[in-house]
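Reviewing the structure listed below.
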Amino acid sequence: MDIQKPYIIRQPFEQEPNSVLIGMTGDIRGRIMIEGTNGCMSKIGESMFGMPLEGEMLDLMQ
């Protein structure tokens with residue numbers, strides 16, 4: 001895992017096939033980009049939903 005310091009990305013930006021863009025609102029507005037391999041995204045899904053994402057469920061995240 002590679003965690004980097006926040007930085008500004010000028011648009012347009014090409015996302016990797018395995019990435020999630022999360023919008024934030026409220027006092028702090030912005031977007032968080034999470035990129036990773038299938039295995040990494042499967043583990044994130046396991047933490048969130050209690051089961052690893054695989055097959056079609058993992059493809060929906062792309």
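These numbers were taken from a predicted model, which means no experiment stands behind them.
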Residues which pass side chain to side chain contact (heavy atoms under 4.5 Å, CB included) with Arg29, listed by chain and number, not counting sequence neighbours: none
Nearest-0.5 Å distance that lies between atom CD in Glu35 and atom OG1 in Thr37: 11.5 Å
Residues forming a side chain to side chain contact (heavy atoms under 4.5 Å, CB included) with Met48, sequence neighbours excluded: Ile44
Residues in side chain to side chain contact (heavy atoms under 4.5 Å, CB included) contact with Glu46, at least two apart in sequence or another chain: Lys43, Pro52
Met41 vs Leu53 side-chain heavy atoms within contact, under 4.5 Å: no
